Colleague: 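The structure under discussion is supplied below as structure tokens; questions concerning it will follow.
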Amino acid sequence: MSREVLLVLGAALFGIGVYGALSQQSFVMIMMGLELMVNGAIVAAVTLWSRAAAHSPKGQLLAVVFMTVMAVEAAIGFALVTNVFRIRRADITEKLKALRG
Amino acid sequence: MNGMTVSDLIPELALLVGSVAVLISALFLPRRLQPMNAALALLTVVIAVVAAVALPASLKSGFQGGAMHPWQHLSFSGTYAIDSFAIAAKFIVLGVTALVIALSVDWFRSDPRQGEYYALLLMSALGAITLAGAADMMEMVLAMLLSSATGYVLVAFHRKSRRSAEAAIKYYLLGALTNGAMLYGVALFFGLSGTTVFSDMAAPLRLAGALPLVAAWSLVVVGLAFKIGAVPAHAWLPDVADGAPAPVAAFVTVAPKVGALIVLARFVSVLPEDGAGWRVVIAAVAALTMTLGNIAALWQDDIRRLLGWSAVSQTGYALMAIVALGRSSLALPALVYFLAAYALGNVGAFAVVVALRGLAKRERYAGLARSHPWLAAALTICFLSFVGIPPLAGFAGKLTLFGATIDAGYTWLAVLAVLNSVLSLAYYARFLGPIYFDEAPEQSGASMDRTAAGVAIVSAAALVGLGLGADIVFNALANSVLLR
Amino acid sequence: MITLTLFLPLLGALLLVVLPLRGERPLRVTAGLVALAPLVLLMVVWSRFKGTGTFEQVESAPWIPTLGASYVTGVDGLSLALAAMTALLFFAAIIYPVDLRGRPKAYFALFLFLETASLGVFLSLDLLLFYVFWDLSLVGMYFLIGVWGHGDAARRSALKFFLYTLAGSLVMLLGVLSLYLSTAPHTFDMRHLIATRPLDGTGLAATLTFSGFALAFAIKAPLVPFHTWLPPAHVDAPAPASTILAGVLLKMGTYGFVRILLQMMPQTFSRLALPVAILALVSVVYGALVALAQQNVKRRIAYTSVNHMGYAILGIAAAAAILPGLGGGFTQTRSLALTGATVEMVAHGLITGALFLMTGSLWRRTGTYEISELGGLARRAPIFTGLAAVAAFASLGLPGLAGFVAEFQIFVGGFPVYPWLIALSLLGLIITAALFLNLLQRVFLGPLPERWQHFRDLDRVEIASLSMLIAFVVVIGVAPGWLLAVIDSFARPLVTR
Amino acid sequence: MRVALFWMLAVASIVSGWRVFRTDSMVRAAYWLMASFMAVGIIMVQLDAEFLGLVLILMMAGEMTIMAVFMVMFMMNPAGLNPMMMVHQHRASIAAGVLAFVGLAGVGTFARFPEPTVRASGQVTAQLGHELLGDSMLVFETAGVTLLATMIGALAIAGAKGRFGSADEGSQEPGETT
Amino acid sequence: MRIPSEGSALAMLALPLLPLLGAGTLLFLRGKRSVLPTIALAALLLTLASAVWTALSLPVSEWAWGPILGGRLAVAGLGRMMVILVPVIAAPVVLYASWSNRRDSGFARLLALLLAFVGAMELLVIADDFLALLVGWELVGACSWALIGYEWTDSARPRAALDAFLTTGAGDLGLYIAAAAAFAGTGSFRFDTLSQLHGTTAAIVAGGLLLAAAAKSAQLPFSPWLFRAMLGPTAASALLHSATMVAAGAYALARLAPIIPVSWLSPSIAALGLATALAGGIVAALQTDLKKALAASTSAQYGLMFVAVGVGVPAAAGMHLATHAAFKALLFLGAGIALHATGTLELSSLRLGRALPLTAITFAIGALALAGVPPLGGAYSKEQIVAAASQTGSFFTAGVAAAGFLSALYAGRLALLAFGPDPNRGKVRPPNGAVTASVLLLAGVTLVSSVLWFPGVAASVAELMGGRLAIGEGWAAGASLVAIAAAGIACWLLWRRGDLVDFGLSPSVRLPVAEWLGIPLVADMLVKRPVLTLARTLAIMDDRIIDAGVRGAARIAGYVSRLFGHSLEQLVDAGVNSLSTATRLVAEASRMADDRGVDATIEGAARGVGAVGTQSRRLQTGLAHQYYLIVAIGTVLLIAIASLEIVATHR
């Protein structure tokens with residue numbers, strides 16, 4: 001469980017997340033991609049705490065902060081997706097292009 | 001110096017308490033009296049401003065050092081900076097918040113949930129202020145989150161507005177993506193330095209290799225670029241300016257930007273000067289941002305989108321100060337002054353839109369100079385300030401920004417900014433043309449929101465006053481040091 | 001005193017907006033009275049003027065001390081002459097009748113605002129202040145052209161004017177910053193910059209700064225090939241605005257050449273004087289030739305501005321040149337060239353100002369500027385014809401009128417420095433003569449077309465306004481001593497330094 | 001044993017992460033995502049961050065359940081189980097994902113990070129607590145405020161009913177005529 | 001004889017000012033026609049009085065415009081004669097005009113202009129420095145413009161005035177250069193410093209002066225402008241050809257040529273003068289319009305004066321200038337009477353001898369003087385020129401004699417054809433008293449000039465002018481007289497044969513010669529048309545090209561925004577298929593370039609409002625996933641720039 005392997009794992013999750021966020025049409029699926037990105041970041045944070053800076057408890061806190069971010073974004077995201085679906089019947093990005101130019 | 005002095009946070013606490021108070025009052029006030037929440041929110045802002053004014057004074061007694069500004073210090077174990085720039089940002093954000101509250105009274109009058117609106121607005125302001133003071137990676141992330149999460153909701157606040165919902169979701173999607181990227185960057189920084197506190201990071205970072213450093217700061221910069229509306233994460237700005245409730249648009253195009261630019265300054269000053277390449281990248285981002293913003297604004301026929309794009313271009317100018325950071329003593333005062341001018345101009349211009357009940361189409365502005373001469377004058381002053389026509393505040397802002405940029409050895413960027421200023425005149429004048437040169441098509445139905453008109457005029461007057469009295473700002477910021 | 005001069009018009013503008021005056025007449029009278037005030041005050045300033053070769057009657061106050069910018073005003077021979085001309089021209093233009101499109105209040109307020117801006121450019125002794133007024137003049141002029149201009153083209157012309165000259169002024173801003181950053185401690189004070197000349201010489205920074213300024217001023221003056229904003233702006237502007245545009249705003253360019261380039265960067269200028277002079281020569285000949293081909297009265301007059309400003313800059317360049325072979329010599333002639341250039345600024349302001357006012361009268365009566373549609377107007381309007389003839393002859397450089405005094409000094413003063421350029425520039429004289437006499441002939445002489453049978457001669461206000469300007473043209477042409485003494489007081493020390 | 005478990009979990013997290021975007025229905029995608037998080041949670045436990053790992057697992061379990069229900073309730077296919085494959089700009093997305101992975105994996109592999117001076121010990125959770133209420137109290141407070149704001153905000157948008165009847169009522173631009 | 005005093009200096013100032021003041025008064029009182037002639041004549045008489053006083057007192061006075069500009073006014077040398085001559089000739093001319101033009105609507109203007117003409121000429125005469133000379137010089141030119149265009153309702157006349165003004169104006173540039181060079185060489189404009197000049201500067205002064213004088217005095221190749229000037233009223237022509245305008249050139253040369261130390265100046269003047277004298281003589285002989293023929297003769301006579309100056313006897317030139325002024329004014333008034341009487345100036349249809357006997361006699365006196373028949377003063381001054389020429393050798397003598405032959409020929413021809421007896425001529429409108437008086441006055445002056453033949457008179461006149469006369473070779477005088485006699489005989493023979501009008505030449509030969517040897521055509525082709533074409537071309541270029549550069553910049557900005565919008569959209573859509581995108585972009589760009597580039601006159605800015613505007617907005621597609629792609633691409637770019645920078649700085 002070397003640092004390198006763990007960081008590659010984090011990078012992989014992040015990369016998949018990026019792919020998902022960019023490729024998915026559905027808002028909910030995009031959000032899943034975003035969560036995966038954060039997941040990767042959490043892996044990286046915990047890894048770097050454990051394998052590079054274990055002396056500092058801030059590493060753990062960092063992971064907590066990341067989880068907070070994830071939770072907040074998910075909550076707000078759901079609310080917004082509900083909202084836009086309610087008003088616009090839109091569930092994919094392609095349906096929202098009234099604002100452009 | 002590392003004490004957890006709660007008194008350092010009085011303005012922030014005031015906002016928090018005020019926000020909760022608004023929520024509670026919203027629960028109990030009858031619908032008829034809901035607009036009272038605006039007054040309460042305004043009161044909160046006033047208290048926060050007073051607290052921010054009193055802060056240095058109250059701190060002075062505690063620190064009797066020989067330094068120029070003895071009250072400036074890092075608080076909460078180095079995670080929070082109390083310095084001139086944080087306080088200046090507080091003033092700007094609070095001022096903007098106050099003006100936006102005034103804009104909102106009529107705009108949200110019919111909305112039964114206005115209590116939540118004001119509470120969220122105060123929270124959002126709190127986020128922006130905290131962002132400006134953040135001297136720690138985690139604090140920065142959370143402050144951004146606070147500012148963003150409230151911002152998304154504020155943008156979506158019109159439940160019956162299709163555009164509002166669309167703007168909010170785009171705002172959110174872009175924010176979440178860049179935020180995700182930033183989180184990874186923050187994790188890397190923690191790994192490289194073993195800490196998240198800015199003041200402790202600088203030394204270990206000097207030992208870090210270029211590869212991880214570039215990756216880390218690039219990801220963080222992308223996150224901050226979203227907040228300030230810079231390329232490549234600028235795309236939300238015009239859409240939000242267009243779709244959001246106009247007072248909210250005024251707020252979210254300004255307040256988070258102020259906080260984020262200050263924290264960006266703090267952040268880059270942590271980076272090693274050599275071997276990180278950040279200065280060139282920021283310069284490139286500045287160049288792209290201002291040019292893109294101006295070109296895209298060129299043919300806008302919708303004033304709200306126009307303001308959105310112009311907000312993009314103004315970000316580009318502001319970034320010039322970051323480029324000059326550390327190389328010109330003028331950079332930070334210029335940034336603060338420019339932000340103040342920009343905030344007033346943007347709020348003033350949106351106030352005109354609010355006063356006209358959201359009127360956005362260019363052709364509908366024909367003959368405004370005759371039907372609403374004062375509004376037309378206010379809009380003109382705001383626009384001309386954006387262009388940088390003296391003696392309006394925008395001029396002194398650009399002047400010092402250009403000066404700092406030249407001083408820092410980035411003359412090409414200053415030249416590009418000049419070209420962009422000329423370009424920007426084209427689209428502002430394209431709007432001013434019908435206002436002054438055309439006759440009004442017919443009686444426009446909507447009545448005028450007098451409060452908003454007042455805000456527009458006050459902003460315009462403040463632009464003139466700030467322009468003439470620029471010394472107040474520059475003198476106050478002279479010799480100030482950015483804490484990190 | 002100077003501060004009062006400067007801000008009275010602005011105050012008047014605010015007053016006009018606030019006062020419950022209605023209708024054109026009372027507004028015009030009030031505005032005229034307000035515009036008279038700076039003229040009178042400047043006469044007082046003139047009477048107190050000692051001609052010491054430095055700035056006199058300086059008034060100052062801190063403005064942005066942290067940045068080294070202050071409010072400083074004062075006069076020397078150059079600024080006094082130009083400011084007085086400006087005040088006179090504004091008075092004449094403000095009282096001049098023109099179609100106000102039912103917005104008299106805004107018109108007069110804007111005009112007075114523009115007067116403050118214009119006076120400010122000439123009277124301020126702080127670069128930043130100078131820039132402030134410079135840009136404000138653009139704003140005022142933009143609205144004047146846009147709102148009260150002729151037809152749909154006016155808006156486009158106004159925008160073109162604004163964009164083009166703003167580009168110039170922003171380039172100048174970079175130059176201003178460059179000068180500012182070269183001082184220690186940083187200051188915008190012109191007196192300091194003139195005394196210490198921190199960025200003088202042949203280095204890259206100095207050359208670039210010079211080029212930036214020169215470009216800005218060349219756009220403003222304008223020199224070929226930076227002049228294309230001028231014809232449409234002139235044609236579409238209301239006549240009094242054209243008058244101010246040609247009479248005052250163009251002078252800002254030539255003023256900048258002297259005040260900033262010649263006084264603050266003389267060595268750089270002496271190295272680059274030849275290219276500037278060549279550009280000026282091209283403007284002289286080209287402007288005259290293109291004017292000759294114009295079939296629109298206003299366009300034709302507009303292009304002669306290119307020609308005349310070319311003379312002025314030719315004179316300035318000759319004064320700036322210190323050729324290696326000449327040593328410090330030719331001081332007398334170089335001083336003459338500079339004096340001539342300054343007189344040219346004043347003379348062109350008065351003459352072309354008068355000519356443009358006349359085009360306003362023409363437009364009011366006929367609604368056209370096309371030369372081919374006019375003719376024979378002398379039969380119905382002898383006074384108009386007479387005044388136009390005097391102005392035209394003054395513009396083509398007839399002795400006894402102001403233009404000659406200016407151009408002759410430029411020729412004589414410039415000749416030892418640039419004999420060939422001066423000789424070639426004389427061609428401009430003959431072409432200008434051709435185009436003005438042709439203009440007179442085709443507009444006023446010959447048979448009167450049927451449609452202008454009821455053409456009215458000038459009314460009293462028009463006559464008063466025009467004859468005021470023409471009177472000064474004649475006085476300067478016949479007895480220019482009082483003016484030359486004032487101008488010489490700054491020109492001679494400048495070139496002998 | 002630990003290592004083998006780790007490798008299994010690592011592969012599981014990646015594969016299930018990948019499956020999120022390669023599945024027929026959103027509900028399944030949600031559960032794949034949860035699986036990925038769970039694997040990561042266990043890995044965190046392995047890395048001595050037991051508390052964090054458990055928190056993550058619990059949080060994600062709850063969240064993903066909500067997400068699945070939510071999708072069934074609100075979104076277009078009520079069953080939430082119909083086959084679907086909705087992607088756009090696919091190749092560009094792949095390129096971006098690969099680039100992100102290669103870049104960050106490169107950083108993780110080749111960059112020099114400081115070596116830990118101490119090994120994370122059993123008191124990590126206590127340390128976290130001290131940090132939260134000590135040096136990073138402000139961070140903790142900010143997080144709290146943010147969560148509060150999120151609750152207010154999410155309710156304000158998502159709640160269909162306000163105190164005075166429908167929340168939609170009157171919530172529009174003054175100039176709009178709906 | 002010199003009595004300098006304050007008063008005489010004032011009198012000198014009055015020389016230009018009195019007539020100018022009079023002109024102003026005339027314009028002011030333009031409604032009261034009856035008093036106008038009185039005022040004009042009074043002003044002239046006062047001027048004459050001042051002139052006499054100053055000619056006797058020889059005042060000198062410094063003047064200054066400013067600290068550097070200034071000079072000196074003086075009545076000296078040739079000027080002593082000139083100051084008197086101008087009002088003396090002008091008075092009869094004004095008298096003539098005050099009657100013959102009394103019904104004109106511009107009557108006051110005419111008289112005022114004539115007075116101003118006199119004033120300007122007086123200023124020119126008293127100038128003792130280049131600046132004052134230039135002022136007078138230009139004012140004279142402007143007055144002549146106004147006088148030629150006097151009857152402005154006929155648009156041909158202002159046009160002719162413009163031509164005349166421009167032709168002389170082209171020469172005036174020489175005076176500008178001369179003044180500038182003189183100042184550069186001596187630091188002053190004053191004539192008394194000219195002798196210090198040397199080298200190139202002196203040559204420039206000389207060349208400029210010669211150019212200016214040649215143009216003013218209608219020498220080759222500027223001569224044709226005098227023909228155009230004929231469209232002015234008779235009074236204007238009379239004054240312009242005699243004592244003012246045209247005289248200025250010869251006067252300035254006579255005054256300055258001797259003191260400018262340039263060796264080639266005198267021969268050039270002489271050669272130019274001789275050429276003009278001969279060419280002008282031929283033109284005058286072949287011209288069939290009475291006034292034009294007189295105009296050509298003016299060129300020829302001034303050519304003779306140039307010869308005199310050139311051979312170093314300016315006094316002879318001055319004398320001839322004076323006598324010529326009198327008889328030429330006389331002849332022009334006679335021509336005016338003929339025109340008034342018959343409405344034409346065609347020589348073939350005049351012959352008014354019987355109808356207007358008094359006029360015929362006066363015209364004959366003038367013609368005889370022009371022909372150089374003794375004992376008239378004109379003959380004396382011309383003989384002096386012959387004498388002067390004979391000093392330099394036979395070449396110039398022969399030339400002058402030939403010119404004399406031509407003068408006599410055309411003088412006789414004009415007199416016979418215009419006022420010869422014609423039995424078929426009926427009644428014509430007679431001139432009235434004032435006109436007759438003016439003609440008689442001038443005839444009187446012409447006759448009085450005969451006193452020059454008295455021994456000693458001429459020498460003292462020459463001395464008065466500050467020069468002396470040449471002592472000619474006897475054979476030269478003889479040759480000259482023989483030439484005149486031959487011309488008289490030839491004239492008579494042709495008259496008898498009836499070939500005097502056209503010498504039996506066909507119009508195709510005669511007309512081009514009579515119209516100044518085709519010079520106007522050549523000038524039109526070589527100067528006027530090219531300049532106008534150039535002007536038009538430049539004007540078009542100015543609109544299309546230079547401004548197009550600016551508009552182009554605006555348009556490029558439009559393109560960029562458009563391309564940017566396009567490219568992003570394409571990029572986003574195509575993803576990694578960048579090759580096809582690039583191809584499409586190039587195609588799109590070239591299409592737009594083709595669409596727009598051709599029509600360069602259209603403002604790119606305005607056009608953009610429609611098409612480019614919508615295009616540039618595509619930048620913002622409105623699609624969130626494409627915003628994502630922008631972020632991704634942007635992040636990669638950021639890192640790429642940073643990496644490049646690091647690599648660059650570390651190298």
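Treat the numbers as computed from the prediction; the structure is a model and nothing was measured. Residue numbers begin at 1 in each chain, while the letters A, B, ... track the order of the sequences. Both backbone and side-chain heavy atoms feed into the values below; hydrogens, waters and symmetry mates do not.
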Colleague: Looking at B/I389, B/V387, B/L432, which one has more heavy-atom pairs under 4.5 Å with chain C than the rest?
Modeller: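 With the most close heavy-atom pairs to chain C, the winner is B/I389.
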Colleague: Answer with side chain, backbone, both or neither: which region of B/T411 has an atom nearer than 4.5 Å to a non-hydrogen atom of chain C?
Modeller: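 No part of it gets close to chain C.
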Colleague: Once rounded to the nearest 0.5 Å, what's the spacing between atom OG1 of B/T400 and atom CG of C/L67?
Modeller: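 CG of C/L67 is found 6.5 Å from OG1 of B/T400.
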Colleague: Is it the backbone or the side chain of B/T380 that comes under 4.5 Å from a heavy atom of chain C, or both, or neither?
Modeller: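 Interface part for B/T380: side chain.
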Colleague: Relative to chain B, which segment of C/F143 carries a heavy atom at a distance below 4.5 Å: side chain, backbone, both, or neither?
Modeller: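 It is both, since atoms from each part get that close.
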Colleague: For C/V139, is it the side chain, the backbone, both, or neither that has a heavy atom closer than 4.5 Å to a heavy atom of chain B?
Modeller: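 Answer is side chain: those atoms of C/V139 sit under 4.5 Å from chain B.
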Colleague: By a 4.5 Å heavy-atom criterion (distance strictly below it), what part of B/V415 contacts chain C: side chain, backbone, both, or neither?
Modeller: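 Both parts, backbone and side chain.
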Colleague: Minimum heavy-atom separation for B/I406 to C/L174, with atom names?
Modeller: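 Scanning both residues completely, I find the closest heavy atoms to be CD1-CD2, 3.9 Å.
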Colleague: So for C/Y131, is it side chain, backbone, both, or neither that comes closer than 4.5 Å to the heavy atoms of chain B?
Modeller: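 For C/Y131, the contact with chain B is made by backbone and side chain together.
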Colleague: Examine whether an atom of C/L159 lies under 4.5 Å from a heavy atom of chain B, and if so say whether it belongs to the side chain, the backbone or both; otherwise answer neither.
Modeller: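 It is the side chain, since no backbone atom gets that close.
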Colleague: Quick check on the interface: out of C/A158, C/A167, C/G149, C/G212, who has the most heavy-atom pairs with chain B under 4.5 Å?
Modeller: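 The answer is C/A167.
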Colleague: Look only at the side chain of B/D407 and the backbone of C/L181, and say whether a donor-acceptor pair between them is shorter than 3.5 Å.
Modeller: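 Checking the backbone N and O of C/L181 against the side chain of B/D407, no donor-acceptor pair under 3.5 Å is found.
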Colleague: What part of C/Y142 gets within 4.5 angstrom of chain B, counting heavy atoms only: side chain, backbone, both, or neither?
Modeller: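 Contact with chain B: backbone and side chain both.
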Colleague: Could you look at B/L330 and say if it's the side chain, the backbone, both or neither that has a heavy atom under 4.5 Å from chain C?
Modeller: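 Only the side chain of B/L330 comes within 4.5 Å of chain C.
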Colleague: Answer with side chain, backbone, both or neither: which region of C/L177 has an atom nearer than 4.5 Å to a non-hydrogen atom of chain B?
Modeller: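 Side chain only.
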Colleague: Go through the steps for B/F402 and C/L173 under the test side-chain contact (heavy atoms from CB on, under 4.5 Å), then give the verdict.
Modeller: CA-CA 9 Å; B/F402 293 175; C/L173 181 64; 3.9 Å; yes
Colleague: Using 0.5 Å steps for rounding, measure from the CZ atom of C/R156 to the CZ atom of B/F437.
Modeller: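 Rounded to the nearest 0.5 Å, the CZ-CZ separation comes out at 13.5 Å.
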Colleague: Do the ring centers of B/Y428 and C/F162 come within less than 6.0 Å of each other?
Modeller: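 No, the ring of B/Y428 stays outside the 6.0 Å limit from the ring of C/F162, centre to centre.
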Colleague: Please flag which part of B/L399 lies under 4.5 Å from any non-hydrogen atom of chain C: side chain, backbone, both or neither.
Modeller: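 Both parts, backbone and side chain.
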Colleague: CG/B/L392 to CG/C/D135 distance, rounded to the nearest 0.5 angstrom?
Modeller: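 Result: 10.0 Å between the selected atoms.
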Colleague: Do you know which of B/A470, B/G403, B/P390 has the most heavy-atom pairs under 4.5 Å to chain C?
Modeller: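 Among the listed options, the one with the most contacts to chain C is B/P390.
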Colleague: Calculate, to the nearest 0.5 Å, the distance between atoms CG and OG belonging to C/L163 and B/S421 respectively.
Modeller: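 One gets 11.5 Å once the value is rounded to the nearest 0.5 Å.
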